[in-house]
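Can you read through this structure? Questions will come right after.
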Amino acid sequence: MKSLQDLTRPNIWSLAPYSSARNEYAGKTARVFLDANENPYNAPLNRYPDPLQEELKVALAGVKGVPAENIFLGNGSDEAIDLPYRCFCEPGKDNVVAIEPTYGMYKVCADINNVEYRPVLLDEHFQFSAQQLLDACDEHTKLIWLCSPNNPTGNNLQREEIVKVIEQFEGIVIVDEAYSDFSRQKSFRHELAQHPNLIVLNTMSKAWGCAAIRLGMAFASTEIIALFNKVKYPYNVNLLTQQKALEVVKDKYEVEKWVSTILQERSRLMEAFRMLPICKEVYPSDANFFLARMTDAQAIYNYLVDLGIIVRNRSRIQLCQNCLRVTIGTRTENNELVGALRQYK
Ligand SMILES: *Cc1c(COP(=O)(O)O)cnc(C)c1O
């Protein structure tokens, strides 16, 4: 790996960390808050929230097995996807490499930041070769994007190939594990100590059932976390989100129940799809959705929409011709979908 300073944009490297009104008396016990021009009424919403979400990070550290100092929290993974561009990529000069097809936000953020995006096509099993990704890099490549389990294909990427990329690439490797709670593969967030150039992403939007509160996580070295903290909006995670997330983290038994129910439903729904004459192939899934190749994805999609059932048409994506991406719902919802597809003519 190049040094973190060599990888970081010079203007970001030289930023002083933001200091909020509340940072400046740290350590003392305060009783009267007349420092931040807040309204003294309407507690607790009148006070600015903790800019570094210390209490929530400590709770998450326990659940995720990662020290609190290695955790960044953001306004959804969206924020954790945008920040590496803003920290490391000089607009109009640097580039990033990613597998293709994958989650669309990596390219959206590249375009917004005016950073060249270099997609490298997966093979017919939706796997990638580390060497091919590395061959797509040049001296201006700052980031490599991996997503495992991958969206929209649903499968885990091969672990040995991911390790090769992390060990051989000179820049930063981001492994998005938004769906890892549905998979048996070991998370890369436990390997931060061996890999200073690794960022692992997680979210409360999928297994944790909290897409509405917008809470994403990045796990990385303390040096990378410090960079993110300098660049983020000071109060990027609001009080209501911090409170709700703490409640959910303390009730993780509920999350485990959801995940095991969803996994049971996933095998049942995939099996039902395999039996449909209009389904040509169901691809293996390590996530809470699967990809299915149909006879005519657009027509089937339209038919379902007319019945008020919405799946994702991924037909126009490379390697996904005639594919629908189906999220696992409740047993009743899944039965409704299968019932409708059995009636399709
Ligand atoms: C759904 C998803 C996310 C979650 O994004 P949030 O902004 O945290 O809701 C992240 N990465 C991938 C690959 C996803 O599919």
May I have the step-by-step check of side-chain contact (heavy atoms from CB on, under 4.5 Å) for F128 and I162, ending in yes or no?
CA-CA 9 Å; F128 76 105; I162 298 180; 4.1 Å; yes
Between W145 and Y85, is the gap from one ring center to the other below 6.0 Å?
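Yes; Y85 has its ring centre under 6.0 Å from that of W145.
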Is any side-chain N of the basic residue among E177 and K64 closer than 4.0 Å to the acidic one's carboxylate O?
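Looking at E177 and K64, the cut-off is not met.
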Verify salt bridge (Lys or Arg N to Asp or Glu O under 4.0 Å) between E170 and K2, making sure each step is shown before the conclusion.
CA-CA 5 Å; E170 295 275 77; K2 291 181 189 160; 5.7 Å; no
Are any side-chain N or O atoms of N150 and backbone N or O atoms of N155, one a donor and one an acceptor, separated by less than 3.5 Å?
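Such a contact is absent between N150 side chain and N155 backbone.
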With the 4.5 Å side-chain cut-off for hydrophobic clustering, are I224 and L52 part of the same group?
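I224 does not cluster with L52.
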Do L4 and V200 belong together in a cluster built from hydrophobic side chains that touch within less than 4.5 Å?
no
Name the orientation class of the two ring planes belonging to Y179 and F182 (parallel below 30°, tilted from 30 to 60°, perpendicular beyond 60°).
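Aromatic pair Y179/F182 classed tilted.
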Under 4.0 Å between a Lys/Arg side-chain N and an Asp/Glu carboxylate O for D138 and R118?
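So D138 pairs with R118 through a salt bridge.
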Could you give me the CA-CA distance, side-chain angles and deciding distance for N335 and R268, then say whether side-chain hydrogen bond (donor to acceptor under 3.5 Å, both in side chains) is met?
CA-CA 10 Å; N335 287 345; R268 206 175 64 86; 2.8 Å; yes
How far does CD1 of I144 sit from CG of L133, to the nearest 0.5 angstrom?
5.5 Å
Within a strict 4.5 Å, meaning less than it, do heavy atoms of the V338 and L269 side chains meet?
yes
Which atoms form the tightest heavy-atom contact between M270 and P284, and what is the distance?
CE-CA, 4.3 Å
So S315 and N313, side-chain contact (heavy atoms from CB on, under 4.5 Å) or not? Walk me through it.
CA-CA 6 Å; S315 288; N313 183 6; 2.7 Å; yes
With a 4.5 Å cut-off on side-chain heavy atoms, are I310 and V305 touching?
yes
Contact check, side chains of T102 and L146, non-hydrogen atoms, under 4.5 Å
no
May I have the step-by-step check of side-chain hydrogen bond (donor to acceptor under 3.5 Å, both in side chains) for Y233 and N75, ending in yes or no?
CA-CA 10 Å; Y233 289 159; N75 187 338; over 6 Å; no
Spatial distance of atom CG (N202) from atom CG (L60) [nearest 0.5 Å]
9.0 Å
Looking only at heavy atoms, the pair that brings N70 and A220 closest together is ND2-O, 2.9 Å
For the backbone of N156 and the side chain of Q127, can you confirm whether one donor and one acceptor N or O come within less than 3.5 Å of each other?
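Yes, because the side chain of Q127 sits within donor-acceptor range (under 3.5 Å) of the backbone of N156.
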Short side-chain to backbone donor-acceptor contact, K232 and P234, under 3.5 Å
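Here the side-chain-to-backbone pair exists.
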Show, in sequence, the C-alpha distance, side-chain angles and deciding distance for F72 and E79, and conclude whether the side-chain contact (heavy atoms from CB on, under 4.5 Å) test is met.
CA-CA 10 Å; F72 166 84; E79 184 177 6; 4.0 Å; yes
Going by heavy atoms in the side chains, are Q243 and L240 under 4.5 Å from each other?
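Q243 reaches L240 side chain to side chain.
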Where A68 and A61 come nearest, the two heavy atoms and their spacing:
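Looking at all heavy atoms of both residues, the closest pair is N-CB, 3.7 Å.
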Counting distance only, does the side-chain N/O of S148 pair as donor-acceptor with the main-chain N or O of L157 below 3.5 Å?
yes
Could you state whether L192 and M1 fall into the same hydrophobic cluster, counting links through intermediate Ile, Leu, Val, Met, Phe, Trp or Tyr residues with side-chain heavy atoms under 4.5 angstrom apart?
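No, L192 does not connect to M1 through the hydrophobic network.
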Taking the basic N atoms (NZ, or NE/NH1/NH2) and the acidic carboxylate oxygens, is any pair closer than 4.0 Å for E256 and K252?
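Looking at E256 and K252, the cut-off is met.
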Does some side-chain heavy atom of W208 sit less than 4.5 Å from a side-chain heavy atom of V63?
yes
Would you find more than 12 non-hydrogen atoms of other residues, nucleotides or ligands less than 6.0 Å from Y48 atom OH?
no
What distance separates R86 CZ from T8 OG1, expressed to the nearest 0.5 Å?
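Separation between the atoms: 14.0 Å.
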Less than 4.0 angstrom from a charged side-chain N to a carboxylate O is my criterion; do D94 and R9 meet it?
no
From CD1 (I309) to CD1 (I300), nearest 0.5 Å
13.0 Å
I need the single residue from N238, L239, N39 that forms a side-chain contact (heavy atoms from CB on, under 4.5 Å) with L45. Which is it?
L239
I want to check something: taking the side chain as every heavy atom from C-beta on, are V96 and C89 in contact at a cut-off of under 4.5 Å?
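Yes, side chains in contact.
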Could you pull out the closest heavy-atom pair between V237 and P49, with the gap in Å?
O-CG, 3.9 Å
Between S77 (side chain) and G216 (backbone), is there a donor-acceptor pair under 3.5 Å?
no
Donor-acceptor contact present, side-chain R293 to main-chain Q321, <3.5 Å
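Present.
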As a quick check of understanding, evaluate side-chain contact (heavy atoms from CB on, under 4.5 Å) for F88 and L227, giving each step before the final call.
CA-CA 10 Å; F88 301 116; L227 278 180; 3.6 Å; yes
Considering all heavy atoms of both residues, which atom of L122 and which atom of P101 are nearest to each other, and what is their separation?
CD1-O, 3.8 Å
Could you walk me through whether Q242 and D50 pass side-chain hydrogen bond (donor to acceptor under 3.5 Å, both in side chains), step by step?
CA-CA 9 Å; Q242 293 190 42; D50 176 0; over 6 Å; no
Using 0.5 Å steps for rounding, measure from the CG atom of N11 to the SG atom of C87.
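The distance works out to 9.5 Å.
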Does one hydrophobic cluster hold both Y301 and L276, with members joined at side-chain heavy-atom distances below 4.5 Å?
yes
At what distance, to the nearest 0.5 angstrom, does CD1 of I278 lie from CG of D296?
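Atom-to-atom, I278:CD1 and D296:CG are 9.5 Å apart.
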So, K230 side chain and I12 main chain: donor-acceptor pair closer than 3.5 Å or not?
yes
For N37, does the CG atom have more than 12 heavy-atom neighbours from other residues, nucleotides or ligands under 6.0 Å away?
no
A59 and V249: which non-hydrogen atoms are nearest, and at how many Å?
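So the minimum-distance heavy-atom pair works out to O-CG1, 3.8 Å.
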Evaluate the side-chain proximity of W258 to T261: yes if any heavy-atom separation is below 4.5 Å, no if none is.
no
Heavy-atom side-chain contact between Q168 and Q131 under 4.5 Å:
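A side-chain contact under 4.5 Å exists here.
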Quickly, which of K57, Q53, R189 forms a side-chain contact (heavy atoms from CB on, under 4.5 Å) with I71? Name it, please.
K57
Taking M294 as the starting point, is it possible to reach F290 by hopping between hydrophobic residues whose side chains are less than 4.5 Å apart?
yes
E333 side chain to T330 main-chain N or O, any donor-acceptor pair under 3.5 Å?
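Side chain of E333 to backbone of T330, a donor-acceptor pair under 3.5 Å: yes, one is there.
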Short N-O contact, K142 and E90, less than 4.0 angstrom
no
For the residue pair D286 / Q185, report whether a side-chain donor-acceptor contact shorter than 3.5 Å exists.
no
Within the 3.5 Å criterion, strictly below it, is a donor on R325 or N151 matched to an acceptor on the partner's side chain?
yes
R159 side chain to K186 main-chain N or O, any donor-acceptor pair under 3.5 Å?
yes
Looking at L337, L291, N334, which one forms a side-chain contact (heavy atoms from CB on, under 4.5 Å) with V326?
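One option only clears the test, and that one is L337.
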